[in-house]
Amino acid sequence: MAALDTHHQKRAKASPFLDSLAIQGAKKASLPEFVEPMLASLLTAPPAGKDWIHEIKFDGYRLQARIEAGRVKLLTRRGLDWTQKFGPKIVTILQALPVETALIDGELVVENSSGVSDFSALQAALSEGQFDRFLFYAFDLLYLDGYDLCDLSLSKRRDMLEHLVGSDAGPLRMSQRFEEEGRLVLQHACRLGLEGIISKRKESVYRSGRGKDWIKSKCSARQEFVIAGYVPSSTSRKAIGSLVLGVYDGDRLDYVGRVGTGFTMAIAEDLFRKLEAMQIDKRPFAKPLASAEARHVRYVHPELVAEIEFSGWTADERLRHASFQGLREDKDAREVVREGSRSLTFTAKPQRRRAVFTHSDRIYWPDEGVTKEGLADYYTEVWRFIAPFIVGRPLALLRCPDGITGPQFFQKHAWKKVYSHLVLVNDPKEKSEPLLALHDLDGLLELVQSAVLEIHPWQSTLTDWERPDRIIMDLDPGEGVPWEMVIAAAEEMRDRLQEVGLAAFVKTSGGKGLHVVSPLKPLATWPMVKTFTKTLADAMAADNPDRFISTSTKSKRQGKIFIDYLRNQRGMTAVAAYSTRARPGASVSVPLDWKELSPNIGPAYFTVENTPIRLAALTGDPWAEFQAAAVALEEPRSTRRRHG
DNA sequence: TACCAGA
DNA sequence: TCTGGTACTATGAAG
DNA sequence: CTTCAT
């Protein structure tokens with residue numbers, strides 16, 4: 001493989017791969033019309049060991065690209081010709097590949113705003129004719145320039161394919177290969193909100209149909225549940241709003257929660273017709289439901305079985321993020337038991353939402369349809385993660401009474417309202433109006449009620465206003481800065497912080513850049529911290545004036561990253577970890593593990609929608625060590641001068 | 001959003 | 001009692 | 001001092 005020619009030759013009449021192919025023993029053959037695709041078997045865990053590579057499981061259309069003398073066909077799983085369906089762009093790019101004949105296996109996808117392939121986005125793009133959104137991820141090469149490659153090993157096929165497709169970020173891409181341990185790759189994929197991974201045996205040959213050389217493992221759990229009741233729709237008189245689900249434990253039927261999404265209106269009506277006829281008076285569950293759980297519920301004979309996809313179990317044994325997938329007519333209700341999967345158990349303490357809202361349907365993010373209630377749900381779910389970053393600190397708040405499209409204003413003083421859970425605090429150094437702080441989830445929910453869409457805390461706490469307990473460096477890319485450069489900047493910042501003995505953590509900003517955050521023991525005062533961060537920012541800019549700038553002058557920022565150290569000053573604030581942003585996309589600032597930094601996670605990758613799913617799938621908090629890693633800041637110069 | 005002035 | 005207008009950071013650096 | 005940036 002090292003012998004492979006490294007430069008592409010457009011329209012080469014002989015393939016640059018032919019010589020090496022002959023050595024590797026591929027068979028001469030004519031180009032087949034179609035090869036039935038190789039399929040993966042579903043297992044609950046990915047395979048372990050060095051014999052496997054792993055790829056992301058795409059959520060799109062599996063297609064075979066057949067290239068013959070510049071004529072391209074896109075063939076479905078069953079061999080149907082769908083070339084015309086996706087517009088000319090992908091076809092043109094495939095035509096331009098430097099080959100005479102080839103058969104490429106891949107998946108056509110549309111990525112949603114989070115950069116994750118999304119089947120519903122694909123269907124929307126198809127129906128609206130948005131051809132420019134289609135991407136083709138190639139992952140296998142079955143035939144090339146007169147040779148059948150199916151009997152070569154996967155590694156060899158992939159090497160050739162990678163060489164052919166290249167690493168451009170255009171609509172034709174290579175499906176990335178991961179060589180790490182399968183368990184870790186799956187964990188990583190789940191954190192990213194992906195559906196799962198496909199693991200492939202390195203030495204395997206290409207064989208049509210489902211075999212054991214390709215294994216798929218998924219992030220979300222999926223299993224059958226007994227339908228024990230329903231709640232009628234609040235909008236339609238002849239449809240269900242949600243299903244009440246249970247599992248058997250011996251003879252006892254246990255309640256596991258409701259599912260209110262995943263069905264179309266037609267299916268909701270069909271279920272209503274079926275279930276209406278099955279109603280019973282007494283509850284089928286062994287234990288009574290809590291009053292909120294039992295609200296509006298109509299019980300039915302527990303006979304029907306539904307397939308449900310869900311992200312995990314809560315600590316009180318309820319389903320998280322359940323979605324209806326269909327009825328399982330072939331399954332007997334009495335066989336349905338809880339299929340325990342410890343890794344998917346979400347161990348957060350369940351938080352009850354107590355605050356009552358006015359106008360809970362008020363839309364804050366119109367494009368995403370995130371309402372006040374949706375925002376309250378979000379903060380309730382992330383409470384235990386966001387709490388350390390916003391509790392007991394003076395806050396500046398970005399309020400958007402009409403949602404993100406209306407007027408916005410920053411506020412740090414109280415407005416005239418009776419607060420039950422927000423705290424008014426007096427700045428010991430200023431005799432101005434009191435500032436705002438909060439201590440519990442109810443306080444946060446009062447902010448939601450007041451249309452607070454961004455939360456910007458101080459870097460010091462109410463216990464010690466004058467000594468900050470963290471530093472935040474905001475890396476803000478100017479126009480035309482590639483994302484890789486921002487990642488490199490964050491890593492350089494980390495290295496420089498570590499050189500002076502500080503810990504460094506990274507989070508997305510939810511806007512354009514990354515934030516590098518260092519926990520401090522609250523010993524150094526504001527002026528020292530400010531001087532330290534300014535020195536750091538200036539040093540980075542001085543060492544690399546073409547990449548960094550440490551002053552905020554907008555016109556000088558073209559193609560550079562602005563290192564904003566000014567947040568590290570008394571009274572200055574920066575957006576909190578897990579705070580939402582008042583921007584299109586309902587993005588959120590999310591703490592990451594350094595290893596997660598990649599082109600796959602952009603600055604606004606995580607949203608109100610997918611962040612709770614990430615946290616549910618997360619087995620370890622990437623910032624778990626944040627508080628423990630706090631060290632005392634010493635001035636860089638004094639460290640040097642210091643002696644034992 | 002929520003307050004308040006003015007109708 | 002209803003309606004409509006409007007409220008709302010601090011700071012540093014550059015010019 | 002004003003303007004512009006976060």
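Below, read A as the first sequence line, B as the second, and so on, with proteins coming before strands; counting in each chain starts at 1.
The side-chain hydrogen bond (donor to acceptor under 3.5 Å, both in side chains) contacts involving residues 475-484 of chain A comprise A/D476-A/R557, where partners must be two or more places apart or lie in separate chains.
Toward the 5' end of DNA chain C, the nearer of the two residues A/F409 and A/K534, judged by each one's closest nucleotide, is A/F409. Heavy-atom distances to DNA chain C give each of A/A396 and A/T551 a nearest nucleotide, and the one nearer the 5′ end belongs to A/A396.
Between A/L398 atom CG and B/dT1 atom C1' there is a gap of 13 Å when expressed in whole angstrom units. Rounded to whole Å, the distance from CD on A/E454 to P on B/dT1 is 18 Å.
Spacing of C1' atoms, C/dA7 relative to D/dT6, comes out at 22 Å, to the nearest Å. Atom P of C/dC8 sits at a distance of 14 Å from the matching atom of B/dA5, rounded to the whole Å.
Residue contacts shown for A/Q408 are absent, as no nucleic acid heavy atom lies under 4.0 Å away. Residue-level contact check: A/R362 touches the backbone only, with heavy atoms under 4.0 Å from sugar-phosphate atoms and none from bases. If you check every strand for non-hydrogen atoms under 4.0 Å, A/K556 touches nothing.
Note: A/F410 and A/H456 meet the aromatic proximity criterion, with ring centroids under 6.0 Å apart.
Between A/D427 and A/R570, at least one side-chain N (NZ, or NE/NH1/NH2) sits under 4.0 Å from a carboxylate O, which counts as a salt bridge. Looking at A/R318 and A/E293, a side-chain N of the basic residue comes within less than 4.0 Å of a carboxylate O on the acidic one, giving a salt bridge. Looking at A/E269 and A/K238, no side-chain N of the basic residue comes within less than 4.0 Å of a carboxylate O on the acidic one, giving no salt bridge.
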Atom pairs, N/O to N/O, protein against nucleotides 4-6 of chain D, distance under 3.5 Å?
unit_1 : atom_1 : unit_2 : atom_2 : d
D/dT6  : OP1    : A/R557 : NH2    : 3.2
D/dT6  : O3'    : A/D564 : OD2    : 2.5

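Using a 4.0 Å cutoff to heavy atoms of chain A, the contacted part of DNA chain C runs 5' to 3' from C/dC8 to C/dA14.
Between A/Y578 and A/F385, the two ring planes are tilted [angle within 30° to 60°].
Checking the phosphate oxygens (OP1, OP2) of B/dT1, no side-chain nitrogen or oxygen of A/Q411 falls inside 4.0 Å.
Put simply, the side chain of A/S589 does not reach to within 4.5 Å of the side chain of A/F389, judged on heavy atoms. Taking the side chain as every heavy atom from C-beta outward, A/L436 and A/H413 never approach each other to under 4.5 Å.
A/Y565 and A/T535 share no side-chain donor-acceptor pair at under 3.5 Å.
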